[in-house]
Participant: 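Just dropping this structure here.
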Amino acid sequence: MIYVGELADIPVGESVRVQGSVAIAVFNADGELYAIDDTCTHQDASLSDGWLEGCAVECPLHAACFDLRTGQPSGPPAKKPVRTHRVTVDDGLVYVEETVRVEARELARAE
């Protein structure tokens with residue numbers, strides 16, 4: 001588990017960036033916490049610097065939008081989804097459980 005910080009440190013409509021195997025963005029969307037890989041799959045831009053609207057974040061570089069619940073892009077220019085991660089809150093402290101890396105998942109299926 002990756003320690004993110006105190007719940008009070010992530011106000012509604014804001015995000016924080018933490019480091020896992022890759023950078024991860026944690027968003028507070030209307031009181032619900034979501035975590036996705038921080039880097040846009042279209043081009044190298046930080047999604048934690050993007051604009052949050054409902055359960056979607058818009059990339060600050062070329063306006064690709066990603067659903068925070070699924071990681072799926074809503075349309076071009078991004079075509080590939082970002083990984084989503086499980087967020088837990090324990091006694092006011094926020095943690096992220098990083099999803100298995102895509103490469104590791106594909107290797108496990110091949111065996």
Side-chain angles (χ1 to χ4, degrees):
M1 294 273 246
I2 301 164
Y3 174 70
V4 176
E6 294 185 19
L7 182 57
D9 294 337
I10 313 170
V12 171
E14 297 294 322
S15 65
V16 296
R17 181 180 169 149
V18 295
Q19 192 62 45
S21 64
V22 298
I24 295 172
V26 181
F27 295 89
N28 185 336
D30 298 323
E32 290 289 325
L33 297 177
Y34 300 95
I36 60 173
D37 282 355
D38 186 51
T39 305
C40 179
T41 58
H42 168 250
Q43 202 162 10
D44 191 24
S46 174
L47 294 174
S48 61
D49 291 335
W51 297 276
L52 185 61
E53 188 169 321
C55 277
V57 62
E58 181 180 320
C59 176
L61 198 55
H62 294 114
C65 289
F66 295 90
D67 188 309
L68 297 176
R69 297 165 293 196
T70 65
Q72 293 294 322
S74 62
K79 296 178 183 170
K80 293 172 38 179
V82 292
R83 289 184 312 158
T84 59
H85 308 281
R86 187 169 157 242
V87 180
T88 58
V89 179
D90 184 21
D91 200 25
L93 302 178
V94 181
Y95 299 89
V96 169
E97 184 177 337
E98 189 171 6
T99 303
V100 174
R101 293 185 59 80
V102 173
E103 297 83 11
R105 219 177 331 160
E106 291 172 358
L107 286 174
R109 284 188 202 151
E111 294 176 348

Participant: Among residues at least two apart in sequence or on other chains, which ones pass salt bridge (Lys or Arg N to Asp or Glu O under 4.0 Å) with Glu97?
Facilitator: Arg86
Participant: Test of understanding: with side chain to side chain contact (heavy atoms under 4.5 Å, CB included), list the residues that count as partners of Thr41, not counting sequence neighbours.
Facilitator: Phe66, Ala78, Lys80, Val82
Participant: Taking all non-hydrogen atoms of both residues into account, name the closest pair between Tyr34 and Val87 and its distance.
Facilitator: C-CG2, 3.9 Å
Participant: Please evaluate residues Thr84 and Thr70 with respect to the criterion side chain to side chain contact (heavy atoms under 4.5 Å, CB included), reporting the C-alpha separation (whole Å), side-chain torsions for both, the decisive distance (0.1 Å), and the verdict.
Facilitator: CA-CA 6 Å; Thr84 59; Thr70 65; 5.5 Å; no
Participant: Between CE of Met1 and CG of Asp90, what distance do you get to the nearest 0.5 Å?
Facilitator: 8.0 Å
Participant: Rounded to the nearest 0.5 Å, how far does CG of Leu52 lie from CG of Leu47?
Facilitator: 11.0 Å
Participant: Scan the side chains in residues 2-19 for donor-acceptor partners under 3.5 Å anywhere in the protein, sequence neighbours excluded, and list what turns up.
Facilitator:
{"residue": "Ser15", "atom": "OG", "partner": "Ser48", "partner atom": "O", "Å": "2.9"}
{"residue": "Arg17", "atom": "NH1", "partner": "Asp38", "partner atom": "OD2", "Å": "3.0"}

Participant: Sort and list the pairs that fulfil ring-ring contact (aromatic ring centres under 6.0 Å, His included) and have at least one residue in residues 39-58, not counting sequence neighbours.
Facilitator: His42-His62
Participant: Return the set of residues passing side chain to side chain contact (heavy atoms under 4.5 Å, CB included) with Glu53 (not counting sequence neighbours), or none when no residue passes.
Facilitator: none
Participant: Quick one, Leu68 with Glu32, criterion side chain to side chain contact (heavy atoms under 4.5 Å, CB included). Give me CA distance, side-chain angles, the key distance, then yes/no.
Facilitator: CA-CA 10 Å; Leu68 297 176; Glu32 290 289 325; over 6 Å; no
Participant: Measure across Ala29 and Gly54 and return the closest heavy-atom pair with its distance rounded to 0.1 Å.
Facilitator: CB-O, 3.3 Å
Participant: Is there a donor-acceptor contact under 3.5 Å from the side chain of Glu98 to the main chain of Ser21?
Facilitator: yes
Participant: Taking atom CD1 of Ile36 and atom CD1 of Ile24, what is their separation to the nearest 0.5 Å?
Facilitator: 10.5 Å
Participant: Are Cys59 and Cys65 close enough that some pair of their side-chain heavy atoms sits under 4.5 Å apart?
Facilitator: no
Participant: Taking only residues two or more places apart in sequence, or in another chain, which ones meet Asp67 in a side chain to side chain donor-acceptor pair (under 3.5 Å)?
Facilitator: Arg69
